[in-house]
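Data first, discussion second: the structure below is written as structure tokens.
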There are 2 protein chains.
Amino acid sequence: MSPTMHDVARLAGVSIKTVSNVVNDYPHIRESTRERVRAAIAELDYVPNKAARNLRSGRSGAISLVMPDLRNPYFAELADDVMRAAAEHGLTVLIEQLTGEREQELQTLHGLRQRAADGVIYSVLNLDLEDADQIDVPVPLVLLGDRIFHGPADHVTIQNAEGAKAATEHLLERGRRRLLALGAHEGEVLGSAGLRLHGYREALEAAGVPFDPDLVTHVGRWHRVDGAEAMREVVARGVTFDGVVAFNDSLALGAMRVLLDAGLRVPEDVAIIGFDDVDETRYSQPTLSTIDPGRAEIARRAVEVLVERMNGLASPPREIAAPFSVVARESTATG
Amino acid sequence: MSPTMHDVARLAGVSIKTVSNVVNDYPHIRESTRERVRAAIAELDYVPNKAARNLRSGRSGAISLVMPDLRNPYFAELADDVMRAAAEHGLTVLIEQLTGEREQELQTLHGLRQRAADGVIYSVLNLDLEDADQIDVPVPLVLLGDRIFHGPADHVTIQNAEGAKAATEHLLERGRRRLLALGAHEGEVLGSAGLRLHGYREALEAAGVPFDPDLVTHVGRWHRVDGAEAMREVVARGVTFDGVVAFNDSLALGAMRVLLDAGLRVPEDVAIIGFDDVDETRYSQPTLSTIDPGRAEIARRAVEVLVERMNGLASPPREIAAPFSVVARESTATG
DNA sequence: ATGAAAGCGCTAACAT
DNA sequence: ATGTTAGCGCTTTCAT
């Protein structure tokens, strides 16, 4: 059996309370006492029992991160960022993966009751604002993603419209005028797709470039195959364009491959920009220009805001937008 | 305050022990009693307190997964696989990321004492068999990776030599004879690089193809840039070859880009095969042939073996090799 | 088949 | 500055 506080107390000749004080860095302890206790702890190789501490304190020191699966590089990188941010607050992260089915998503949220985390960061995959009342976790919650705005909890978000607008402007500045919008979702207004399309249109309008519905391509999901398929369809249709604003990097990479296969040059014939700044954009051929959505900052802020709530902050839900930036690479290079 | 077992017991008119029995599916309970307790649980929306359960039972229901960071797709996919496998045993996974520094790795292992997981799956990044005694965790341990064989704990591993041999044979079967080995580590015998090089040599030997040291390229790490750099150097050196056995997919993808840039066709001029079967091999241009190292199986077996140990199995450490397979894609297609 | 009671190891009141 | 004491909510003997 591993040693307990009692063992340490006995060896150091103090009470268990004093050991607890030393372990928890309670300030008012005589230096000599502290030393004695430290020595005893070292000698016994004592480690506080977490379960006991959790039971007594009512806290687990862990937060849950509910999000789409780690195979998606964007979310793998987000998870990494969240774990690093959480570590700075001394928190452990429990990852719960969403598979894409609505039912499973509700199930997962419900299952959080058992998990006993002190807070939840939830990157919404399928639910809407209408489902918000079903998101009933017994601890503080921070929402990520672009499906629920002005919901029941703090929300840290990407500047979708602004980012897409900047991406579009990036191409316009390089003299491109026929810009394909790749990745729209039929009829969507909110959500990343709707917002990014909105940003695209805003940029066109601001530049006095007429909006052409033929240049908006709709896709089902935002994976590489979807970008490739959509691009194949566009090329087959004979649509002419000299730039592509892809709504995420995977779409852009998929589309780029089809363009290259079709004998078009990137960026000479077609410039292309993505969105997300996932690692592989640095390694594609050509390297992909993109929007850095401030993922690390999102993670930092999400944890920060969550910790505030865990510490009892009571104020109306907040909407927090992370700063973004344009990352110019080969796929939109000039000359 | 959320309801406790006492509340449920009171409402159901039974003792707390009976509630516990129902919650834990203890078999000998009268059906009517069980129903009454179930109803009380539902009415109060009772959820067992995990901290209390952990304290009393001495188990946390969690395992730690210690591994390189999630930004590396291979490990993101491994983490996903491990989490799924663990979920089937009702276990939660705590991920601990390694940053690449030896010191941090030892630190992380030491920190596990506080974590209070019931077991550890550790994908070794920097340590060697010589460091094995420093890997002193107080719970069952399963090792992954190719740095420590016949160490102090069960080990689930990729068939490195056999996989690399199969990859090499795959190219030989397609008539390639001048095969570049991409990714060797100077002087390494064990470890993935050493083992894969060994498999490469075995295949050559079996086919009666002479080994040419000029065709072995050494790299520092196994990232895409390293593959690109090595390939640039080889091309500059004027070495001729018609096939590449890359020791992982990232190296292959980086090298492929340089080949294409240099005006060589893949697979017509140079066929190339990777190792790992990460998702992006399905989307590169051309798609990349590779070795599927049986990652999902590794995760399954690792969790299984760990659970056996957690349940008290005492037997000498075991070495378990997962089955692998050759995945043929465009980069090694014939005709 | 169910109940009574002890106690896992710690923290937080309260006392001194 | 340090000690005493009472639980946190559950599982586990041990009874019955």
Side-chain angles (χ1 to χ4, degrees), chain A residues 1-41 44-62 90 113-118 138-139 311-312, chain B residues 1-41 44-62 90 113-118 138-139:
Chain A
M1 212 43 215
S2 48
T4 74
M5 264 190 180
H6 283 105
D7 300 325
V8 176
R10 203 173 310 124
L11 182 60
V14 298
S15 85
I16 165 182
K17 173 66 188 342
T18 302
V19 178
S20 175
N21 285 157
V22 171
V23 168
N24 295 296
D25 287 324
Y26 180 71
H28 309 295
I29 308 172
R30 202 183 303 142
E31 201 46 47
S32 63
T33 312
R34 190 194 303 277
E35 279 318 313
R36 212 141 30 88
V37 172
R38 286 242 172 89
I41 287 175
L44 295 175
D45 197 16
Y46 166 76
V47 177
N49 179 312
K50 211 156 187 179
R53 180 177 282 184
N54 292 349
L55 174 58
R56 181 62 239 219
S57 67
R59 286 198 168 204
S60 69
R113 315 182 142 282
Q114 270 101 292
R115 286 275 171 257
D118 299 336
V139 291
N311 288 336
Chain B
M1 212 46 216
S2 46
T4 75
M5 264 190 180
H6 283 105
D7 301 326
V8 176
R10 203 174 309 124
L11 181 60
V14 297
S15 84
I16 165 181
K17 173 64 186 353
T18 302
V19 178
S20 175
N21 285 157
V22 171
V23 167
N24 295 297
D25 288 325
Y26 180 72
H28 309 295
I29 308 172
R30 201 181 304 140
E31 201 46 48
S32 61
T33 311
R34 190 193 304 278
E35 279 317 314
R36 211 141 32 88
V37 173
R38 286 242 172 88
I41 287 175
L44 295 175
D45 196 15
Y46 167 76
V47 177
N49 179 312
K50 212 155 185 177
R53 179 177 282 183
N54 292 349
L55 174 57
R56 183 60 237 219
S57 66
R59 286 199 166 202
S60 69
R113 315 181 141 280
Q114 270 101 292
R115 286 277 172 255
D118 300 336
V139 291

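Comparing dC10(C), dT11(D), dT2(D) by their nearest atom to the side chain of Thr33(A) picks out dT2(D). Listed nucleotides: dG3(C), dT11(D), dG3(D). Nearest to the side chain of Ser15(A): dG3(D). Of the candidate nucleotides dC10(D), dT2(C), dT2(D), dT2(C) has the atom nearest to the side chain of Asn21(B). Set against dT11(C), dA4(C), dC10(D), the side chain of Lys17(B) has dA4(C) as its closest nucleotide.
Per the geometry, CZ belonging to Arg113(A) stands 17 Å off P belonging to dG9(D), to the nearest Å. The distance from atom NE2 of His6(B) to atom P of dT11(D) is 12 Å, rounded to the nearest whole Å. Distance, Ile16(A) CD1 to dA6(D) C1': 12 Å, rounded to whole Å. Rounded to an integer number of Å, the gap from CG of Asp7(B) to P of dC10(D) is 9 Å. Look at CZ on Arg36(B): it is 15 Å from P on dA1(C), rounded to the nearest Å. If you take OH of Tyr26(A) and P of dG3(D), they are 13 Å apart, rounded to a whole angstrom. As rounded to whole Å, 12 Å separates atom P of dG9(D) from atom CZ of Arg10(B). Between Glu35(B) atom CD and dT2(C) atom C1' the separation is 17 Å, expressed in whole Å.
Distance CG/Leu55(A) to CG/Asn49(B): 6.0 Å, rounded to 0.5 Å. Between the OG atom of Ser15(B) and the CZ atom of Arg10(B) there is a distance of 12.5 Å, given to the nearest 0.5 Å.
Residues Asn54(A) and Asn54(B) have side chains not in contact (no heavy-atom distance under 4.5 Å, counting atoms from C-beta outward). Looking only at side-chain heavy atoms (C-beta outward), Asn24(B) and Arg53(B) come within less than 4.5 Å of each other. Side-chain contact check for Val8(B) versus Ile41(B): some heavy-atom pair is nearer than 4.5 Å.
Each of Asn21(A), Leu11(A), Val22(A) was evaluated against Val37(A); a single residue qualifies, Val22(A), per the side-chain contact (heavy atoms from CB on, under 4.5 Å) test.
Taking every heavy atom of both residues into account, Val14(B) and Arg36(B) meet most closely at CG1-NH1, 3.9 Å.
Using a 4.0 Å cut-off on heavy atoms, the residues of residues 44-59 of chain B that approach DNA chain C are Leu55(B), Arg56(B), listed by number.
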